[in-house]
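Here is the naming used below: chain letters follow the sequence lines, and residue numbers restart at 1 for every chain.
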Protein chains: 2
Amino acid sequence: MKTPSLPLLDRPEGMTTHDYAFARLRQAIMVGSFRPGTSVTIRGLAEALESSPTPVREALRQLTSIGALQFLENRRIVVPRITPARFEELISLRIALESHAARRAVAHLTERQIERISAIDDSIEDEILRGDQVAALIANQAFHRTIYTANPDQIVMPLIESVWLQLGPILGIAMEHVSELYVVDRHREAIDALRRRDEDAVADAIAADIREGIGGFDQQAVARLLKLAA
Amino acid sequence: MKTPSLPLLDRPEGMTTHDYAFARLRQAIMVGSFRPGTSVTIRGLAEALESSPTPVREALRQLTSIGALQFLENRRIVVPRITPARFEELISLRIALESHAARRAVAHLTERQIERISAIDDSIEDEILRGDQVAALIANQAFHRTIYTANPDQIVMPLIESVWLQLGPILGIAMEHVSELYVVDRHREAIDALRRRDEDAVADAIAADIREGIGGFDQQAVARLLKLAA
DNA sequence: AATCTCATTTTGTGATCACATTTTCGTAAA
DNA sequence: TTTACGAAAATGTGATCACAAAATGAGATT
């Protein structure tokens, strides 16, 4: 049972072993380090994380609660497989969740926050030019997250991240086989709409960004990617 | 540390201790058995469930992943407190999620399934007449769940249940202080729209059902309820 | 070459224990 | 009466172990 390699992650002092295991596994899955169908073992990950089974098992259980992993009937632990239909569900759910979240964030965003969001958008461009796909992906997530979390009472972010986690594995495949993942983006359009406090325009820009970005893969493209990875 | 009492729940043979603990705690929170701010302990629940700390801890960790519980900095485990603003966020999120889910289920529903949904709606009325609020609540959830899960590739149900879980505690308070929780409902309207395969009408009926049901509490009503429970 | 059998190994599960931190509560001082 | 203090109890954390079930792989059979 080969354990997938885990990208390193900073461990703040005082963080429990369990929290660290959770954060690191979560990050790994979200940026596409695990392939769909990959199976992991508690002991294997415990060794990779230099800890014991107990905290790792807790982290794995949490990850199953948010759809990032699956405990099968045979008690095997696997990264869920994607089908074209499931992919389409995830994209339409992303659109529904994120346009809702964006809409409800508009009223809370300050000028300063909008500037920060604009700066994050610039950093996405930088990472793309440098060819660092994972860094670009993380920056892109930060772009979206910073908008949505401007709403202080927001509840939706964990749900959005659950969807991101479920898209992670196919995203990892896409990054291996597609050179340009961000050819088009609607970020400037969203930022302009934020400045105008135009809720509808913000929601539309976010929806279009998703639809034309990762959502741009049609069912055949997804099927092709899955075939390549098999 | 007094441990809240847990409604009994059937334990299918072969179910692991952990799964049983998770299912039972989840059910208890979803039907309002726990008050906001209640704190629980691992050992206390382990005793109540006649098991040991390990599987209970895993169940609690999962429940935090879906917003049903919270591990505080002090390492205390509590049922999250509700604020009027948070309540309003939860309702608007419910509407966004469930009208999306309903819309995407319409095409998959068979006549037979629609009949079953209609029968569930009747059973809600029965439970209300019998005065069993918890049974009515569970039947109401079944009504919604049966619609949304007709879509076989559906991803959204776990997210919807996460929101239900977060509303559970305030619902428990409401059931104690409000005699009629389901005076109006739009279920017949939704069922008729399902029969006509009218996606927009289904989504509207579900949204109205939520808005006029639990969503009908305004901020003052929520604040009053919270005060009563404190 | 493919399939079956069975012993070995691997793996998830759940109980237990030691440890450090936090909470609780009785007592004393202000 | 209120506040401060310190010992005792309670609690979360993480490692370890025994156990049962599942997976693996070598060797025999067809």
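Contact check of residues 56-74 of chain A against DNA chain C (heavy atom, cut-off under 4.0 Å) returns A:R57, A:R61, A:F71.
Within the structure, ring pair (Phe, Tyr, Trp, His ring centres under 6.0 Å) pairs that include any residue of residues 14-39 of chain B do not occur (at least two apart or interchain). The ring pair (Phe, Tyr, Trp, His ring centres under 6.0 Å) pairs that include a residue from residues 139-171 of chain A are A:F143-A:H187, A:H144-A:Y148, A:H144-A:H187, where partners are two or more places apart or lie in different chains.
Per the geometry, CG belonging to B:L49 stands 12 Å off P belonging to C:dG14, to the nearest Å. Computed from coordinates, the A:R76 CZ to D:dA22 C1' distance equals 9 Å when rounded to whole Å. Going from atom CD1 of B:I77 over to atom C1' of D:dT11 covers 9 Å, rounded to whole Å. Between A:E50 atom CD and D:dG14 atom P there is a gap of 15 Å when expressed in whole angstrom units. Regarding B:L45, its CG atom lies at a distance of 11 Å from the P atom of D:dT11, rounded to whole Å. The separation between B:Y20 atom OH and C:dT13 atom C1' is 18 Å, rounded to whole Å.
Here B:S52 does not reach the OP1 or OP2 of C:dT16: none of its side-chain N or O atoms lies under 4.0 Å away. Using a 4.0 Å cut-off, some side-chain N or O of B:T17 falls inside it from OP1 or OP2 of C:dG14.
Mapping B:M15 and B:R43 onto DNA chain C by nearest heavy atom places B:M15 at the nucleotide closer to the 5' end.
A donor-acceptor pair shorter than 3.5 Å can be found between the side chains of A:N151 and B:E89. Using a 3.5 Å distance cut-off with no hydrogens or angles, the side chains of B:S123 and B:D126 do not pair a donor with an acceptor.
Cation-pi check for B:R61 over B:F71 is met; the charged atom lies under 6.0 angstrom from the ring centroid and within 45 degrees of its normal.
Set against D:dG14, D:dT13, C:dA15, the side chain of B:I42 has D:dT13 as its closest nucleotide. In the set D:dT13, D:dG14, C:dA15, D:dT13 carries the atom at the smallest distance from any side-chain atom of B:R75.
Evaluation of atom-type donor-acceptor distances gives no pair under 3.5 Å for the side chain of A:T41 against the base of C:dT10.
Comment: B:E98 does not engage B:R103 in a salt bridge, judged by the lack of any side-chain N to carboxylate O separation of less than 4.0 angstrom.
Counting any heavy atom pair closer than 4.0 Å across all strands shown, A:T54 reaches a base atom.
Side-chain contact between B:Q70 and B:I77 is absent, with no heavy atoms from C-beta onward closer than 4.5 Å.
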